[in-house]
Amino acid sequence: MTAAFLKEKAKILGMGIAMLFLVFILFGWILQFDFILRYAGDNYTMKFNTALCFLCLLVALILSQEKAESPFNPIVVVICLFVFSVAFYTLISYYFSFPLEIDNVFAKDYYNTVNPGKMSKGTAICFQLSVIAILLKRHTKNKGPKIAQLLFISIFIIASISIISIILGIPGENRTSFLETMAFSTAFFFLAIAISYLYQERTWGPAALFHGKNLGSKILRRTTPYMILFTLGVSFLHQLLIKNHLLDPQFAIILLTVILLTAAFAFLMISNHFINKTNKSRIKLQKSLENSNSELEQFRHAIDQVAMISVMDNEGVITYANDMLCQVSGYSKEELIGATHSQRLDAHNHNHYFFEQLWATVRSGHIWINEIKNLRKDLTTFWTNAAVIPIKDINGVPKRYLVIKIDITRIKNAEEEILKLNKSLKGKNQELKNMVYIASHDLQEPLRTISSFVNILEDDFSGQFPEEAKTYLDFISACTNRMRNLVGDLMEYAKFNKSLEKSYCDLNQIVDHVLVDLNVKITQSSAFLEIAKLPKVYGNENALRQLFQNLISNALKFRRADQAPKITIECVDRPQDYLFSVKDNGIGIEEKYKEKIFGIFQRLHSSEIYSGTGIGLASCKKIVEIHGGKIWVSSASKQGSTFFFTILKTTT
Ligand code: ADP
């Protein structure tokens with residue numbers, strides 16, 4: 001049940017009770033029920049005409065509840081005219097005698113001998129004010145409701161005077177002329193009608209001040225009951241003292257004035273104390289607000305210098321655009337504001353789904369970040385890194401969206417350029433590989449022919465050659481062999497590329513096979529090998545075999561003359577990859593050659609001292625890189641070398 005619903009119910013209940021009471025009074029008069037007509041003891045009872053007019057007034061009030069724009073109910077006008085006429089006739093009849101008797105038409109008043117059945121002058125005036133107010137409150141254009149409120153305030157004051165007079169026991173003859181005989185129930189009715197009207201029309205004037213949310217209104221609401229009780233209490237006490245001759249009436253006036261003045265002053269002091277307090281905190285708040293506003297302004301200025309900023313509503317309509325956006329897009333603020341982002345800036349580079357995702361993300365209250373291609377006014381495009389940030393209301397519902405964009409056109413263009421270059425480089429690389437492979441392959445054939453002819457020459461004509469010629473033939477033979485090795489290694493090198501097939505390979509098996517192949521060299525050199533347990537890795541078996549073969553055979557080849565080779569192979573399991581090491585106790589490598597040796601055809605010794613082609617380590621580097629790893633060496637001259645390399649654990 002809502003508060004509004006409960007209020008409505010309370011209103012209906014109040015009206016119902018009031019009407020029942022009035023009907024009760026009317027019947028009391030018609031049927032001359034003494035207990036009803038004397039209900040207020042010595043006080044004056046509500047007269048028949050008064051009860052009738054109240055009933056009419058309530059009906060008029062209920063009927064005039066409709067909205068201001070609906071046509072005015074004629075019944076209300078008729079009722080108001082009736083009540084006004086009765087009140088008017090009553091007032092005039094106080095001073096002149098009229099032939100028409102309206103006070104005792106339905107019921108005779110035996111209780112009042114002076115003016116039997118006649119409503120009091122105060123009552124008649126209040127009825128007149130009430131109907132004028134009811135009729136006026138509809139005339140919004142002519143300040144009707146405002147005048148109506150003033151009229152109800154007047155009724156409130158008149159009724160209050162009557163009630164207070166009755167509470168304080170001031171006899172009618174001691175009151176001001178027109179307030180002399182208003183009954184308690186009549187005054188109460190007027191008070192209730194005035195309060196309920198002022199409560200309903202609380203958007204303007206004193207009623208608004210009383211119902212407002214600000215501090216002044218709060219103080220007013222809280223202190224009013226105490227003020228009323230205090231004033232009534234003091235007045236009652238005064239009256240009591242005067243009645244019992246304990247206080248002189250004239251001095252009582254002075255005393256009452258001083259007490260009320262002091263109370264009013266105290267009230268003013270208290271309320272001003274609160275107002276001062278709130279004012280101080282308001283000033284403090286204002287200062288901190290000004291500070292944060294200035295900070296925000298600085299932030300905004302800073303962001304304005306580097307980013308394009310706009311604000312859009314739920315339909316994507318731009319409601320704010322900064323200078324940077326205008327500058328980059330070529331549109332003026334007027335052209336951007338009021339248009340949608342897609343109408344002005346969409347380069348039609350992204351599909352429907354892209355924007356659907358954007359809206360779904362921001363409407364659910366999350367920030368969306370992505371790259372967007374935008375269109376300038378001159379139809380050229382620009383790339384932006386965009387963030388769309390929902391601005392939520394106090395219930396957390398996104399109402400507007402802040403769009404921050406940074407121009408990344410240059411980066412994007414550079415990226416595109418790199419991609420293009422990469423593509424062409426890949427093509428060239430492939431071409432080169434094919435060329436090397438084909439060239440090497442084709443070179444094998446003439447080499448084999450030269451070799452076989454040298455062999456024929458040596459076999460068939462060895463006796464006919466002079467010693468010198470034999471030396472030349474040996475020389476040709478050695479050169480051809482070297483050439484064959486070179487071409488073989490080159491072919492091997494060209495063979496390894498990223499498109500090699502991969503699978504899980506057991507490195508223990510691979511190294512075992514390598515050791516079998518190198519068995520002769522190992523035995524001849526009396527090498528000692530220490531090999532740790534190796535893992536299974538995802539890679540190309542042949543390439544990995546070649547890798548270990550090159551490193552181990554180098555370790556055997558570049559040994560020191562005074563020591564048998566000692567080779568240790570180890571592996572460290574790391575989170576992302578495996579780190580392998582092949583360590584020897586050979587001749588070592590000087591610091592300055594550590595990078596150079598991995599280049600193709602790079603050798604540190606002549607082939608007379610250490611045979612070789614200078615392709616082995618270049619192949620190793622290529623193989624390791626194909627497996628997502630790196631290779632490097634750690635060594636000092638004549639102190640052995642350790643070759644390190646890594647192999648990624650992933651299967652890509
Ligand atoms: P090659 O073995 O055919 O000469 P590599 O590419 O395998 O060609 O090696 C390049 C050079 O690196 C070698 O000529 C040698 O000088 C140096 N090198 C390679 N491995 C070792 C090692 N284990 N100890 C010392 N030097 C080495």
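Just so you know, residue 1 is the first one in the sequence shown, and it goes up from there. Remember, it's 1-based here, ligands and their atoms both numbered in the order they're listed.
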Residue pairs, two or more places apart or on separate chains, that pass salt bridge (Lys or Arg N to Asp or Glu O under 4.0 Å) and touch residues 535-548: Asp517-Arg545

Flag if over 12 foreign heavy atoms under 6.0 Å of CZ, Arg363: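 More than 12 heavy atoms, drawn from other residues, nucleotides or ligands, come within 6.0 Å of this atom.
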
The one among Arg559, Lys557, Gln602, Lys594 that brings a heavy atom closest to atom 2 (O) of ligand 1: Lys557

Among Val582, Asp584, Leu617, closest by any non-hydrogen atom to atom 9 (O) of ligand 1: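 Of the listed residues, Leu617 has the closest heavy atom.
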
Considering only protein heavy atoms, which is closest to [atom], and at what distance to one decimal place?
{"atom": "atom 7 (O) of ligand 1", "answer": "Asn554 ND2, 2.8 Å"}
{"atom": "atom 12 (O) of ligand 1", "answer": "Ile597 CG2, 3.3 Å"}
{"atom": "atom 27 (C) of ligand 1", "answer": "Phe558 CD1, 3.5 Å"}
{"atom": "atom 4 (O) of ligand 1", "answer": "Arg603 NE, 2.6 Å"}
{"atom": "atom 8 (O) of ligand 1", "answer": "Gly614 CA, 3.2 Å"}

Mark the output for [X] as yes if a heavy-atom distance to ligand 1 is under 4.0 Å, and as no if none is.
{"X": "Gly588", "result": "yes"}
{"X": "Ile589", "result": "yes"}
{"X": "Phe643", "result": "yes"}

Test salt bridge (charged side-chain N to carboxylate O under 4.0 Å, His left out) applied to Asp346 and Lys373, step by step: CA-CA 7 Å; Asp346 189 7; Lys373 194 174 189 178; over 6 Å; no

Test of proximity, Thr613 against ligand 1: N or O pairs below 3.5 Å: yes

Closest contact, heavy atoms only, Phe382 versus Ser329: CE2-CA, 4.4 Å

Contacts of type side-chain contact (heavy atoms from CB on, under 4.5 Å), residue Tyr593, not counting sequence neighbours: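 Per chain and number, Tyr593 pairs via side-chain contact (heavy atoms from CB on, under 4.5 Å) with Ile589, Glu590, Lys596, Ile597, Leu604.
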
Positive for ring-ring contact (aromatic ring centres under 6.0 Å, His included) with Phe645, one of Phe598, Phe548, Tyr578: Phe548

Test side chain to side chain contact (heavy atoms under 4.5 Å, CB included) applied to Ser310 and Thr319, Val403, Leu336, the passing residue: Val403

